[in-house]
Protein chains: 2
Amino acid sequence: MKPSTEPCTARGEQRRSQILDAATGCFAREGFHGTSIATISKAAAMSTGHIYHFFASKEAIIAALIERKLAQSLELVSHFENAEDVFQAMLERVDQGLQERTDPAQAALELEILAEAARNPRVAALVREADAIRRERLMGVVRSARQNRTSRDTGNTSDKEDDSAAVTEVVIALFEGLTARAVNNPTLERTALAQLLRQVLRALL
Amino acid sequence: MKPSTEPCTARGEQRRSQILDAATGCFAREGFHGTSIATISKAAAMSTGHIYHFFASKEAIIAALIERKLAQSLELVSHFENAEDVFQAMLERVDQGLQERTDPAQAALELEILAEAARNPRVAALVREADAIRRERLMGVVRSARQNRTSRDTGNTSDKEDDSAAVTEVVIALFEGLTARAVNNPTLERTALAQLLRQVLRALL
DNA sequence: ATGATGAGATTGAACGATCACTCTAGACTG
DNA sequence: CAGTCTAGAGTGATCGTTCAATCTCATCAT
């Protein structure tokens, strides 16, 4: 049932967050299909039946969790959009991005979401809609970074065809690939990698 | 018909392949945990019980399938190792690599394996061992490509510290990231992307 | 040639466990 | 006391796995 009254919403929203927080850990540890409602309810310190007062189904929990995570991922883009020197801001975020993407729990959840999106049309629609927005805005960031860079060097900002879309794709692919690397290579040398990532950004932008 | 000298091994190996082939499609479509033995048995055109004569458990099927896929992925490295002009060979494989990595079924299975590796220690051990080998050999390829490139331009092959390990990581991350991009962005512009990927390789090597 | 034989190939019903989900009844609050 | 929150046993379905029964067919004695 949908809680529609006002006081219900406040407490309800807190309970929803409580469930999503618990589910995040469970899903990262055991996957969407490996995690039972009983496991989530135990982690959230409530009964199985109670969970169904806030989410219609297990898939609704997964969808809400994914939506929350996707919304958070847009904050990074906002940070770049609001930065004074966009290019410099991107260079400075490399370390943090590398750290986050190679965190085992975050990497596991990210891969779980992608794997689910690859086979579940509803999840696919979610992540693709969010990606389209993020991609569009990130392309704007890339374009502005490049304009700043080229105008600083040559004073010429407009030339030939614009491959900013492809550059954006490559940058995203590079960082999303780090998630895969974290799983495949736990001995990853982060310092040297971060340095090289910045070098690639300088070459691309 | 097959000679009866070793009917057990020959026929058994064929049946194993038959099961693995069927399972590959099922797993890509519904995931490891979303696929039942009944589904696999139907796809492989045999009974559920019969499958257990060739694999001890469902996890054994998953492990065998992953091992087979990992072994196949080493063929690409061999191709580079045997190439006359390593750098040129890498450039020429960009298109095929992009095509393979953005194939929906292959991408789904790849992500499924990574997600499973992120939470299942046995699968993690499999993929990490394979990755260590592939990484080591690919680093040799990268090093030889770079030596050829620098010696061709300047005649100087040895200088400063070697970041070939980091370059190898970045190259792998870039292509593994394409798998994620294929899921996130079905409208991916492959032509422009391939061109830019080659440009990145030229900058890195 | 042929029927008997038996070992491996193959089946699918059966089983216990576990799952997502429901429902009824008790606890709490204002 | 009225209405909401909460609990946890119950339900039917499905899962991985097992196993006893059946089928297939190369081999060999006749």
Side-chain angles (χ1 to χ4, degrees), chain A residues 1-24 26-27 29-66 112 116 119-120 122-123, chain B residues 1-24 26-27 29-66 112 116 119-120 122-123:
Chain A
M1 290 305 174
K2 298 284 182 180
S4 49
T5 65
E6 289 305 327
C8 193
T9 311
R11 190 172 183 82
E13 203 53 43
Q14 183 208 330
R15 283 271 186 254
R16 276 179 63 98
S17 282
Q18 180 181 345
I19 293 170
L20 290 183
D21 291 341
T24 300
C26 296
F27 287 153
R29 222 174 304 116
E30 314 183 57
F32 291 146
H33 295 89
T35 302
S36 67
I37 297 291
T39 303
I40 297 176
S41 71
K42 198 170 290 186
M46 63 178 69
S47 69
T48 63
H50 200 198
I51 287 186
Y52 284 89
H53 281 110
F54 303 100
F55 294 97
S57 65
K58 185 181 174 181
E59 186 171 343
I61 300 178
I62 296 173
L65 186 139
I66 292 177
E112 191 66 30
E116 185 66 20
R119 69 179 101 94
N120 183 335
R122 274 191 285 262
V123 172
Chain B
M1 289 303 161
K2 299 285 180 182
S4 59
T5 56
E6 46 187 12
C8 207
T9 313
R11 191 169 184 84
E13 202 55 41
Q14 181 207 333
R15 282 271 186 255
R16 276 179 63 98
S17 282
Q18 180 181 346
I19 293 170
L20 290 183
D21 291 342
T24 300
C26 296
F27 287 151
R29 221 174 305 114
E30 314 182 56
F32 290 147
H33 299 286
T35 303
S36 67
I37 296 291
T39 303
I40 297 176
S41 73
K42 198 170 291 184
M46 62 179 67
S47 68
T48 62
H50 199 199
I51 287 186
Y52 284 88
H53 280 107
F54 302 100
F55 295 97
S57 65
K58 185 181 175 182
E59 187 172 340
I61 300 178
I62 296 174
L65 186 139
I66 292 177
E112 191 64 31
E116 185 66 19
R119 69 178 101 94
N120 184 332
R122 274 191 284 263
V123 173

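All values below come from the heavy atoms of this structure, side chains included, with hydrogens, waters and symmetry mates left out.
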To the nearest Å, give me how far apart [atom1] ([X]) and [atom2] ([N]) are.
X	N	atom1	atom2	result
A/Ile51	C/dT22	CD1	P	13 Å
A/His53	C/dA27	NE2	C1'	14 Å
A/Glu59	C/dC19	CD	P	18 Å
B/Ile37	D/dC15	CD1	P	10 Å
A/Ile19	C/dA20	CD1	P	14 Å
A/Ile40	C/dA20	CD1	P	8 Å
B/Ile61	D/dG16	CD1	P	9 Å
A/Met46	C/dA27	CE	C1'	16 Å

Tell me which nucleotide among [options] gets nearest to the side chain of [X].
X	options	value
A/Thr48	C/dT22, C/dA20, D/dT17	C/dT22
B/Phe54	C/dT10, D/dT17, D/dA7	C/dT10
A/Lys58	D/dG16, C/dT11, C/dC21	C/dC21
A/Tyr52	D/dG8, C/dC21, D/dC15	C/dC21

Looking only at non-hydrogen atoms, find the nearest pair between [X] and [Y] and report the distance.
X	Y	answer
A/Ala64	A/Phe55	CB-CE2, 3.7 Å
A/Leu20	A/Leu65	O-CD1, 3.7 Å
B/His33	B/Arg119	NE2-NH1, 3.6 Å
B/Ala44	B/Gln18	O-NE2, 2.7 Å

Review point. With respect to the phosphate group of C/dT10, does any side-chain polar atom (N or O) of B/Arg15 fall under 4.0 Å of OP1 or OP2?
Key: yes

**Study point:** side-chain contact (heavy atoms from CB on, under 4.5 Å) between A/His53 and A/Arg15, worked out
**Key:** CA-CA 10 Å; A/His53 281 110; A/Arg15 283 271 186 254; over 6 Å; no

Exercise for review: With heavy atoms under 4.0 Å as the rule, sort B/Ser57 into base, sugar-phosphate or nothing.
Suggested key: sugar-phosphate

Review point. Hey, does B/Thr35 reach any base, or is it just sugar-phosphate, or nothing, if we go heavy atoms under 4.0 Å?
Key: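 Since only primed, P, OP1 and OP2 atoms lie under 4.0 Å of B/Thr35, the category is sugar-phosphate.
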
Review point. How do B/Ala56 and A/Gly49 order along DNA chain D: which one's closest nucleotide is nearer the 5' end?
Key: A/Gly49

Review point. Closest nucleotide of DNA chain C for A/Gly34 versus for A/His50: which of these residues is on the 5' side?
Key: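 Counting from the 5' end, the first nearest nucleotide belongs to A/Gly34.
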
